[in-house]
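First up is the structure itself, then whatever we jot down about it.
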2 protein chains.
Amino acid sequence: MAARDLQERIKKLIVDRRLPSGAPLPTEPELMRFLGASRNSVREALKALQAMGIVEIRHGFGTYVGPMSLAPMIEGLAFRTVAGHYRGEDSLLQLLELREAVETGLVSRLAGRLPERDLSELTALVDRMDRQAEQGAGLAETDRAFHATLYRGLDNALLSEVLEAFWDAFHRVQRDLVVVPHDPWVTCRQHREILDAVRSGDSIRAEEAIRDHFGHVRARLAPVDTTDPQDPTRATMSAYDR
Amino acid sequence: MAARDLQERIKKLIVDRRLPSGAPLPTEPELMRFLGASRNSVREALKALQAMGIVEIRHGFGTYVGPMSLAPMIEGLAFRTVAGHYRGEDSLLQLLELREAVETGLVSRLAGRLPERDLSELTALVDRMDRQAEQGAGLAETDRAFHATLYRGLDNALLSEVLEAFWDAFHRVQRDLVVVPHDPWVTCRQHREILDAVRSGDSIRAEEAIRDHFGHVRARLAPVDTTDPQDPTRATMSAYDR
DNA sequence: CATCATTTGTGCGTATGTATC
DNA sequence: CGATACATACGCACAAATGAT
């Protein structure tokens, strides 16, 4: 029995029965009977679907319909970027430019259209960035929240998820791969400028602010590190070394 | 041994050895020894990596490093959209709006910056659309080529791939799920308008043209079909019925 | 063209770890 | 604590596909 068919038939089973995220799937023996395949085949099909985020397997408990998040996309993008990076490609830069290209376009549509509620939330986030910079703490999570809150105003959950996925993939790779000596105060100032520009409703200025922000990150990215992860004298610590 | 670990260690093996796309991976028995796991566990890990597009398995031949394409992302997006659609969500509309939001932003950056070579290629594509409309042939592939050629000017291979992935996911779902009675002449006219706007260098007009184009598709999408795929009287044919 | 070795695909049996009741 | 149900893991055997001899 073709393993490819098994995956398709399990997917069909989910849509046919209108199973929502979190709904329990038939147990492995039941799937074996239903699909007419052995345990190995069923398990391999489930593993593949799990990798795609379509099903969720909880040890000793059961299999369930997955959260349908874009987590697999993050994994795939991140690995693709890491592999390309070590092969000497500028894959990390490309990922950053992808974010820049998309976000510059989106922020101009947002300018002047954000409700006061979101604006004040963004203000609070930038304020928190200031405090974190003062304490020398990392402000990655706050940066993530800022971008997420900003594009929430576009009122498209899928779009928000995609942007967050791009953010996650980029920062995961950046954290594992390169040393970025960045000045937190510059980051704070740039986010405040983005916020001010959006609040003022000036599309051009908002685009410019986003471009400045990404340009700053890009500059810190220039001296890419492509040392061999097998080389014990390497300067960075990759997640793939564990 | 956690199956999750196996996947990570195979990924680490790929980056450590700098294996490019298409390079052969160790055979299953070799991986069993290298990873100290049973064949089933190794195979399940490989299946998951295959689903993510990281490895490619060819029956009776061997396993290879995958093409690192975004094909898995298309699969995931498409399934997520289909499942959401049958559950009564407007997931297909959201996917279309995602494309619209991203493309409106990008096309304004393109206006007036496309080399004559790309412009003439786009002209040829629109001409081909006209001929196909005349013959009553489908112009989906030409539409795909138009959008791909358009954003090639942004000079970011990753961005191009992502946009093509969005296109593929949307059209796969639309083709399988809903009946869209669309007028090919309108489509032709709108693409010509996009091309003219980009050629003239008018960013505003280019954005407007893209918005018109997507607006037309959105209008044809309104009467969503959520009939039960198990219902033999259904009007549409889903890919998940096979 | 046929045969062979190699490699992946499939199926079965069994033992172990883990969660729920 | 035991009982039960389930996922996890292992090992073996055979089938099917591919490329080379």
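Each chain gets a letter, A, B and so on, in the order its sequence line appears, and its residues count up from 1.
In this structure, Glu44(A) atom CD and dC12(C) atom P are separated by 14 Å, rounded to whole Å. In this structure, OH of Tyr64(A) is placed 10 Å from C1' of dT20(C), rounded to the nearest angstrom. Straight-line distance from the CZ atom of Arg4(A) to the C1' atom of dA17(D): 19 Å, rounded to whole Å. To the nearest angstrom, P of dA5(D) lies 18 Å from CG of Leu31(A).
With a 4.5 Å cut-off on side-chain heavy atoms, Thr81(A) and Leu177(A) do not count as touching. Inter-residue side-chain proximity for Pro26(B) and Leu13(B) is flagged as met; some heavy-atom pair is nearer than 4.5 Å.
Listed in residue order, the members of residues 45-54 of chain B having a heavy atom less than 4.0 Å from DNA chain D come to none.
Residue side chain Asn40(B) reaches the base of dG11(D) through a donor-acceptor N/O pair under 3.5 Å, judged by distance alone.
Side-chain contact of Glu164(A) with His147(A): a donor-acceptor pair under 3.5 Å is absent, judged by distance alone. Defined by atom type and a distance below 3.5 Å, a donor-acceptor pair is missing between the side-chain atoms of Ser120(A) and Thr123(A).
Look at Ser41(B) and you'll find a side-chain N or O under 4.0 angstrom from OP1 or OP2 of dC10(D).
With sequence neighbours excluded, the residues satisfying side-chain hydrogen bond (donor to acceptor under 3.5 Å, both in side chains) with Glu121(A) are Arg152(A). In this structure, the salt bridge (charged side-chain N to carboxylate O under 4.0 Å, His left out) partners of Arg43(A), at least two apart in sequence or on a different chain, are Glu28(A), Glu44(B). Annotation: side-chain hydrogen bond (donor to acceptor under 3.5 Å, both in side chains) contacts of Gln132(A) (sequence neighbours excluded): Thr142(A).
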Open item on the list: So if I define the base as every atom that isn't primed, P, OP1 or OP2, how would nucleotides 1-8 of chain C read as a B/S/- string at a heavy-atom cutoff under 4.0 Å?
Closed with: ------BB
If you look only at distance, which donor and acceptor atoms sit under 3.5 Å apart when one is on a side chain in residues 52-71 of chain A and the other is two or more places apart or in another chain?
unit_1   : atom_1 : unit_2   : atom_2 : d
Ser69(A) : OG     : Ala71(A) : N      : 3.1

